[in-house]
Each structure stands twice: as C-alpha cells, then as structure tokens.
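Convention: sequence-line order gives letters A, B, ...; per-chain numbering from 1.
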Protein chains: 2
Amino acid sequence: MDMPALQQKFVIHFGEMGARWGMNRTVGQIYAVLFLAEEPLCADEIVAALGVSRSNVSMGLKELQSWQLVRLEHHPGDRRDFFSTPDDLWEIVMTLVEQRKAREVDPTLTVLRELQLSSDFDSTNAHARARIEEATRMIELFSRWYEDMRDVDIEKLERLLKLGSAAQKVLGLKARKNTDKH
Amino acid sequence: MDMPALQQKFVIHFGEMGARWGMNRTVGQIYAVLFLAEEPLCADEIVAALGVSRSNVSMGLKELQSWQLVRLEHHPGDRRDFFSTPDDLWEIVMTLVEQRKAREVDPTLTVLRELQLSSDFDSTNAHARARIEEATRMIELFSRWYEDMRDVDIEKLERLLKLGSAAQKVLGLKARKNTDKH
DNA sequence: TCGTATTTTCAGTAATTTCTGAAACTACTG
DNA sequence: CAGTAGTTTCAGAAATTACTGAAAATACGA
C-alpha cells in the first residue's frame, strides 16, 4: 500500500469498517482513498495506492456508485474515469443514511406490510400478529420522521442537532400520563 | 422449519436481513423466533423451530447476548436457559442503536482521534488533515446528539419524533447566512 | 476500418465465514 | 460420588464471499 503512514492507517481502518457497513474491505479502502484525495482519482491511481487488482477496483467503484457515494467525472482530452467523494460531509452523511435506510429498513417494512395483507394473517396467533403490527408502526414512525428531516435544510438541521435534547425542553413537551402504553 | 407459514416468512426475512445488520442468518432467525414468541423459549425449542444444529443455536444466542438483544431467564425447577426479547419495542430499538453505534461509529472516532494525536499528523498534507478533522467533528456532533437524546424519556422522544420537521419551525430557527461554510 | 487506451465481465481460486457433530464441560440430583 | 440434563467449545466441512488474471467489450482517434 503506497501512501504516507498516517493516511495508510486511515485507509486500513475504513477497510475494516467497510465490512461492518455492508460493503467489503476493498470498497471501504477505495472510499477512504477517495475521501482523502485532494483531486479526483482514476482507477489506476487507486490500484497503485491500494495494491489490489485492477478488476477489484473496478468492481469496488461500481459498488460505490450503486451506493451513490462517489462521483464520476471526465477531464477533457482524457478518456479515463475520475472518481471523487463530495466535498460536503453533510452530503456524504445524508447519502449514507438514505442508502442504509433503503437497504436495511425499507425491505423489512415491505415484508411486514405484505404479511399483514396476506390471507392467513387473521388466523395467525394473536400475540405474533400484535408484534408484527407493533413493529410496523415503529418502523413507520421512524421512516416518517426521517423523510421529514431529510427535507429540512442543512443549516437548520445542524442547529437542531446541536440543540440536542434541549429542543425537547424548549418545545415544552409535557409529560403524558404513561398509563396508556403496554 | 417447523412453524406456521406466515411466521416462517417473517423469520426467513429476518434471517436475510440479519446478514445486512452485522449478524448472520441464523442469528437473525433466532431473534425473529424469539420476537414472535409469546413465552421465553429454550434452546431446543429454537432448534425445533429453525431446524439448525444445537451448537449453532448456542453460538447464535451467545451473539445475541453480546448485542444485549435477548434476555436470559430461569424457571424454578428447570435448569434450562430460557430466552426472550423485551416486550417494549422502544427498548429494542434503543439497544440496537446503542450497539450499532458502539460497533460502527465509536471505533472510527477513536482512530480519527489517535491519528490527530500522532506525531506525523502535522506533516500530513493539509487537505487530508482537514478532511480527517472535519470527519471527526461531524461524528462528534452526531455522538453528542445521540447521547443527549438517549436520556430523554421515551414518551417525550416519541412525541418529538411525531413532530418531525415541524419541530424546527416551532423552535423558530432562523436561516443563517450560509456564506460561512465551504 | 484498425489500433489503442480504458473499463467490464467472468470463471476459477483464495479467503473468510458459517455451520455441524462430537467431545468437553457444568451443575444439579439421587 | 455417579448419573443425567443441559450448555459450550472446537476442529473440520460446507457455504459464501472476495479477489484475480485473462478475455471481452467499449469507445475513441487516426
């Protein structure tokens, strides 16, 4: 791996994390290299930086494109593809959240809804039925919240985050009697 | 797999998702079985439900315990271990978020901080340095927000979620001139 | 059109992860 | 203490996933 030691540590860490994030090692490393790079890089520069095969880089870049985590651009008079990550970290975070939601929660919501529509749902035992309904409601609550927040502009979102739990006090939410749940 | 068709679909789906959630198929399926079960189950009941080996179930339960996603209990006059999931879905969601944060973001924050403390950080190229600092700030912002929200009681949190982006309006956040970023 | 630079595909191999069955271990009971 | 019911460990088998190199495809320029 051909790069300064510090950057190398960064890249290796992202490789390890990549696996936990539903990608694989190489994909995580490619992302890390692009993230640190000042300029967009072409595939061969990534090959040189990571010391993996050209085809592996090609597949990794395809995967990152499917996550919409990298941008493809062309330079005049050069037919190579150049890749980069957005400058704006917020954009990166938003994309990551969007993609993970799409991959990890939306399919579950779809299945839960299908189960409830299926003909043998009513004949399922009451407890299982209730749990499926409850899970659906919970996921729908988070989905709606997320879709709502996605449209708030970044500046406001950032200040909302910084406010943290104080928001709850400012909004003056009064404690509701908690005798009406479970 | 020995259970009613509808529950079976649920379990199979959670098996598929389990993989995307950093567990594996069996672990996801075990969780799904416990989630739907009215009563705590012992390992052999899970074996019967899923048709996998006893040792696989043992390892899966260990994994779920390491995630703190299942509870272990004992019945008087019975030396078997019985496992269950919390009744309260909020508790499940909170645990999941807590664990994923611990596994997926905390280690990265640690590494980023280490890099900044390392002796060759100052000699790293300015752009990479800036990106590492920026990433650290972003993760710290989310971490603080999360730790803040974790302490808000569920009732209030639920209402905050239902409020969604309206919260931002209620709080009267004024648009800040966005000339001071990037 | 042919040649060249580049990217993609894909079959096979390597590496990793998951799963199993047998053995070891634990802790209770008679 | 020996026997039994239960759980865990672990070495190897099975399954899956990642990676490579070679070949095929693409796309431009002469």
Exercise. Go through B/Glu155 and B/Arg159 one step at a time and tell me if the salt bridge (charged side-chain N to carboxylate O under 4.0 Å, His left out) criterion holds.
Key: CA-CA 6 Å; B/Glu155 300 287 325; B/Arg159 278 182 294 154; 5.7 Å; no
Quiz item: Which sits closer to the 5' end of DNA chain C, A/Ser55 or B/Ser55, going by the nucleotide each is nearest to?
Solution: A/Ser55
Quiz item: With sugar-phosphate meaning primed atoms plus P, OP1 and OP2, does B/Asn56 contact a base, only sugar-phosphate, or nothing at under 4.0 Å between heavy atoms?
Solution: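 Base: the residue B/Asn56, judged by heavy atoms under 4.0 Å, touches a nucleobase.
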Quiz item: Contact class for A/Asp44 vs. all strands (heavy atom < 4.0 Å): base, sugar-phosphate, or nothing?
Solution: nothing
Quiz item: OP1, OP2 of D/dC19 versus side-chain N and O of A/Thr26: anything below 4.0 Å?
Solution: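 Yes, because at least one side-chain N or O of A/Thr26 sits under 4.0 Å from OP1 or OP2 of D/dC19.
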Practice problem: Ignoring backbone atoms, test whether B/Lys62 places a side-chain nitrogen or oxygen under 4.0 Å from the OP1 or OP2 oxygen of D/dT9. | Solution: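 For D/dT9, OP1 or OP2 has a side-chain N or O of B/Lys62 closer than 4.0 Å.
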Quiz item: Taking the side chain of A/Arg25 as its heavy atoms from C-beta onward, which of D/dC19, D/dC28, D/dT7 lies nearest to it?
Solution: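 Ranking D/dC19, D/dC28, D/dT7 by closest atom to the A/Arg25 side chain puts D/dC19 first.
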Exercise. Identify which nucleotide among D/dG29, D/dC19, D/dT7 has an atom closest to any side-chain atom of A/Met59, counting heavy atoms from C-beta outward.
Key: D/dC19
Quiz item: Taking the six-membered ring for Trp, is the centroid-to-centroid distance between A/Phe82 and A/His75 below 6.0 Å?
Solution: yes
Quiz prompt | Centroid-centroid distance, A/Phe142 to A/Tyr146, less than 6.0 Å | solution =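 Between A/Phe142 and A/Tyr146, the centre distance exceeds or equals 6.0 Å.
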Practice problem: Shoot me the first and last contacting nucleotide of DNA chain C against chain B, ordered 5' to 3', at under 4.0 angstrom to non-hydrogen atoms. | Solution: C/dT18 to C/dT29
Exercise. Using the six-membered ring of A/Trp145, assess whether NZ or CZ of A/Arg150 lies under 6.0 Å from its centre and within 45 degrees of the ring axis.
Key: no
Name the atoms and distances for all side-chain donor-acceptor pairs under 3.5 Å in residues 29-45 of chain B, with sequence neighbours left out.
{"from": "B/Glu45", "atom 1": "OE1", "to": "B/Cys42", "atom 2": "N", "distance (Å)": "2.8"}

Quiz item: Do any of residues 63-78 of chain A sit with a heavy atom less than 4.0 Å from DNA chain D, and if so which?
Solution: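 Output list: empty, so none.
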Quiz item: Is the shortest side-chain N to carboxylate O distance from B/Glu134 to B/Arg129 below 4.0 Å?
Solution: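 Salt bridge flag = no for B/Arg129 with B/Glu134.
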Quiz prompt | Salt-bridge contact A/Arg103-A/Glu98 (side-chain N to carboxylate O under 4.0 Å) | solution =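 Result for this pair is no, no salt bridge flagged.
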Exercise. Give a yes-or-no answer on whether the side chains of A/Gln116 and A/Thr136 include a donor-acceptor pair shorter than 3.5 Å.
Key: yes
Quiz prompt | Distance-only donor-acceptor check, side chains A/Thr85 and B/Arg131, under 3.5 Å | solution =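 Their side chains do contain a donor-acceptor pair, which is all the 3.5 Å distance test asks for.
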Self-check item: Rounded interatomic separation in angstrom, taking CG from B/Asn24 and P from D/dA14
Solution: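 It works out to 19 Å between those atoms.
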Quiz item: Which sits closer to the 5' end of DNA chain D, A/Arg79 or A/Ser53, going by the nucleotide each is nearest to?
Solution: A/Ser53
